[in-house]
Structure formats: C-alpha cells, structure tokens
Amino acid sequence: MTNENEPSPLARLRQVVVPALEPAQERARRENIVGRISALQRAGFPRVTPRPEPARSRWSFVALWQSLTNAVPRVFATGAGRTPRLVLGLSFACSVGLCAWFVVGLFEGERLEAGRVLVQSGRIEVQSSSTRALAGQELTLAADATLLATDDASLELPSHTDVVLQDGTQLRIAQTGSERTTSEHIALDRGRVALSVPKLAPTQALSVRTRDSVVEVHGTRFSVEVLNGPGGEALTRVEVTEGIVSVTCAGQRQLLTAGQSWSSDTSNDAKEPNAGGAPTVAAADSAVVAPSDTERVAPAVSAGNSDLTEQNRLFQSALDARKRGAVSSAVERLSTLMARYPRSELAHNARVEHFRVLAAAGRQQEARQSAQTYLRDYPKGFARAEAQRVVER
Amino acid sequence: MRDTRPALSDEELISALLAGDPEAGQLLYDRLIRVVEWTVYRVLGRGWLEHEDIVQNAFEQIVITLYHERFARSCSLSSWASAVTSRTALTELRRRRRLQKNLGSKVDIPEQGLPMLQPDVESQVLARHELERVRRALALIHPDHAHVMVLHELNGLELSEIASTLQLSVGAVQSRLWRGRRELRERMEHTEPL
C-alpha cells in the first residue's frame, strides 16, 4: 500500500534546472523555429501530410448512387429539350458500370486492401506519393505504397501491434480480409523491424515476409532483419523475445520460442553454435540458435531431431486446432506434448497455451488447475502474471 | 531586435498568428520557449541530439493545433503549449523505451549540468541514475495518467487548469493523477536501480 503523502517520484525531475543555451545557439534556434512558423503561416497551416483519399469501398458506391439519384430530378426540373434525356442516359450507363464494379468487388474474395497505420514516433516517408508523416498522424496506404523510415520510427497497426523501424528500414504494409478477420502483412525489403504483437483473435493473423522467408505470428515480441549475405544475396534473421513465431523458408516450417533466433544463412551454423544443449530444429537451409537465458528450463538430455519435429508438429497442430475452435483437440494435443516431452522447451509454452485455451473456453475449474500447475513448475515463467489471474478468478 | 509593441493578449497573439502576421511567430516563440524547453528537458533530459528537433516539433504541433481550432480557448496559451509539449515529450520517451527494449540498443543518456548541487561526483552519478529510473518508470505508465502527472507535478498546472486544457472534469483529472502516482510508485519499486 502506498502512502499518498509521500512526495511523488516526479518531484525529482522538477528539481532539474534547465541550463541556458549559449547566445549563439539560442539565436540559431530562435531563427530556425520562427522560420518554421513563418513557413507554416505561408503554407496555410497544413497538416504535415495531406490526408490520402479513403480506400475504395462499397459505401463510396452508395454515396455515388445517392448523389446521382438526387441529381437527376434536379436536371429535369431545370433543364429543357434533349439535354435531360442525354444526362439521364449517361447516368444510366454510369450506374450500370458501377453496379458491375460493385458486384465484382463483392465476389472478388480476399484482395489486397489499403493498409492503415498510425505513426507513433519518428519520421516515415511514403515513397510512392512522396509524402512525409510525423508522430500522431494516421496514414492510409495504397496497396503498393512503400514506407521508408528516415529516422528510428514506430507505427501502430490496426491490430494494436507496435512496429519499431530502425532508421533506413523499407517496407510495405497491407491488410486483407474484412474488419473481423483482418490479416496484416508486412513485406520487409531492407532494414530491421521489431514487433510487439498483442494476443490476436483466432481469426486474425500477422506475418512478415522477406525475400526468402515468411514469419507468422501467434502473439509475441520479435524482430526480423534483412541482411546482405557474403554473395550480396538478401538473408533473413529472426529473433524472438517472447511467445512463439513460425518461420517458413524453402517450404520448411518451424517454430521459434522465446530467446531463440533463426537465420536463413547456412553459414551461421558455424558462426553461432547451439548454446546449452537446448533443442535445435535443423532445416535444410536454415539454423536455429537456442537461447542462452539461464532462467529457462533446459532439457537434461538433448533430444534428437525426430523428437523435436514431433514436438513442433504437436504444438503447431494444437495451435491450429485452437484457431479452428476445436478446444478439446487442442487441449489433448497440448497434454500429449507435455506428457511425452516434459523437459522440452515447448513444454513451457504448451503449459501456458493449455490454461489459456481452457480459460478462453470457459472451463474455469480445469484452467485454474492448469494455471496452478504452471505456477508450480515455472515459478519464474513469462506468463506467471497471467496464470495468477486465472487462479484468482 | 526586441518587439516594441505593447504586449499582446493570448487571444490577440493567436489572431495575429493565424492572420499571417510575420512578427507573430517571434512573439509566440518568446512567449512559449521557456515552457516548451523546460518540459522537454525535464521529461527527456538533454543527452539526445534530437532535443532541438523535439522542441521544434512541439512548436509545429502548437501552431497547427491552434489553426485547426483544437485549442479550446478555455485555458491560457501557456497551459495549452505545456499540454501539447508534454504529450510530444512523453511520446518520445515511450519511443526510446521501445527502441531500447525491442532493438536492444544501449542508450546512454547523460544528464548535462544536473544542477542539484550534489557535493561530490558519486552523488551526482547516483542522482543522475535516479532521474533515469524515474523516466523509465514514467515511460511505462498509462499515457493519460503520465500526461496529467507531468502537467501537474512538473509544469505546476492547477487541477482546474488541467481540466479545462484537456476538457475533462476536475474529478477525472484527480483520478488520473492518483492512479498515475500509484502506478509510478509501483513501477519504481519494480525498476531496479541502474
């Protein structure tokens, strides 16, 4: 319990006295800022980036139709002779065309929509339209829009995912699907992004694509970097800070858990040997580096690749089952994984998913028991706060 | 060159600025630079090269929001400027924290000229680290709570002034302040000394 009479910690910041600038520095700053204010005055106080046109939608068709139907009676009321008929004919032809466009749009299925992002900090350039956005501005992006971070910057996607871009990073963002089943896709051309992804609904998805790999997210924090290989080819490196991501490269799919990193560079095998005997999933052209974090539970014996493949398969199938809403199946697969491989890296994540799935399905008693087991087995586990909440429910 | 005209009221200054008066920019700068500079410095320190950019960015935001009628005119221009600036500075603070967390960049923020008259170097270093600890905790608390705390405890705005600036009730401001203080203390307890 905190004592409200204590001075606030912020009082320490208030004690800081701001040192004065040198007169020359002060003059330069004054000229700079006053000049900027004058420029804004001359330009009519524009918002720094003009708001782009909204994306094409069915509502735009409705608005067009309404304005058309309102306009026709007005033309008849004011016009005379052949002109009104001509206008009516043209209007009819236009509306037929618009109807066709609307129907095609309805049955087009999943198509690439414009991406919408909020710039949280830094500076972002939209290269196709040569516009610049600063912190606090929302951007609606055309499907082919390429973003360039001209400074360390961060964005927020509609799924409330934070994307931090290193200076010089170039990427494209697109969304597909409807509002409830949004899939967000980031195509990383160069540079490095770090993502902090909130828990996604089963119908939502988020992926980061590079030239040679696809990283899919299941609610986590991770970073993806495009590097230049020794032969000038683009290589991908993924580091997972929290949760799980799956990486697909050359048709091989594998899961990375917290603390693991992966590279599409095969020469990494020699440069970054597996640390601590933690599990490694070796694909034909990629390398997974296990965490060196001593807090994590390391397996007492190193498992063979076939075991690890089986663990990955069980875990992935459990996640897929959860996505489909097949709770019992998901729980069964997670239980199997924990029973067969109690000392595996994935057992920790499986235990977390186990109580999450049960809690989400309303099976509170089982969820509480599972969360209690988690707290007992992983007292310093990354999901201990969440488990505690489930126990206290 | 000093302006020799009689001091303009806030309302007159805003009208002159929006009418395109070339001298209004200088007057606005002179009136607000202290509150903008102090807010940015206290929230962020001056270790970062973009300090000047942030001050300029805050001025741009102030001018643009004045034009787009987001200034409710129910508070003083100075209070409004401090609200806009503290929002900008807190956003920057959170951005730095995210960068540190997600990209693993080691950010050293020297506190130049920390003028708390510490008797020796060791005490100065401790005080500097303590300030950094407060800033790290501030970056973690709810943005709205942090905003109210900075306005009240750093910029010295009264609760009623904050309420009219942010268009909230005084009760809501009090509530945010109380929650912010509690959250900050809790964060400080869990933030290890550097």
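Protein chains get the first letters and strands the later ones, always in sequence-line order, with residue 1 at the start of each.
To the nearest 0.5 Å, the span separating CD on B/Q26 from OG on A/S38 amounts to 7.5 Å. With rounding to the nearest 0.5 angstrom, the CG atom of A/N32 is 9.0 Å from the OH atom of B/Y29.
Looking at B/I62, there are no atoms closer than 4.5 Å to chain A (heavy atoms on both sides), in backbone or side chain. Proximity to chain A is limited to the side chain of B/V134, based on heavy atoms less than 4.5 angstrom apart.
When each of B/V63, B/N155, B/T88 is checked for heavy-atom pairs under 4.5 Å with chain A, B/V63 comes out on top.
Between A/L13 and B/L131, the shortest heavy-atom contact is CD2-CD2, 3.6 Å. Of all heavy-atom pairs between A/Q41 and B/A16, the closest is NE2-O, 4.3 Å. Smallest separation of non-hydrogen atoms from A/S154 and B/R95: OG-CG, 4.4 Å.
A/Q25 places none of its side-chain heavy atoms less than 4.5 Å from the side chain of B/E52. B/L17 has its side chain within reach of A/I37: a pair of non-hydrogen atoms, C-beta onward, lies under 4.5 Å apart.
Sparse packing is recorded around CD of B/E158, with 12 or fewer heavy atoms of other residues, nucleotides or ligands lying under 6.0 Å away.
B/E60 places no side-chain N or O within donor-acceptor distance of the main-chain N or O of A/R36, the cut-off being under 3.5 Å.
Qualifying salt bridge (Lys or Arg N to Asp or Glu O under 4.0 Å) partners for A/E26, counting only residues two or more places apart in sequence or in other chains: A/R29.
Listed by first and then second residue, the ring-ring contact (aromatic ring centres under 6.0 Å, His included) pairs involving residues 143-176 of chain B are B/H142-B/H145 (not counting sequence neighbours).
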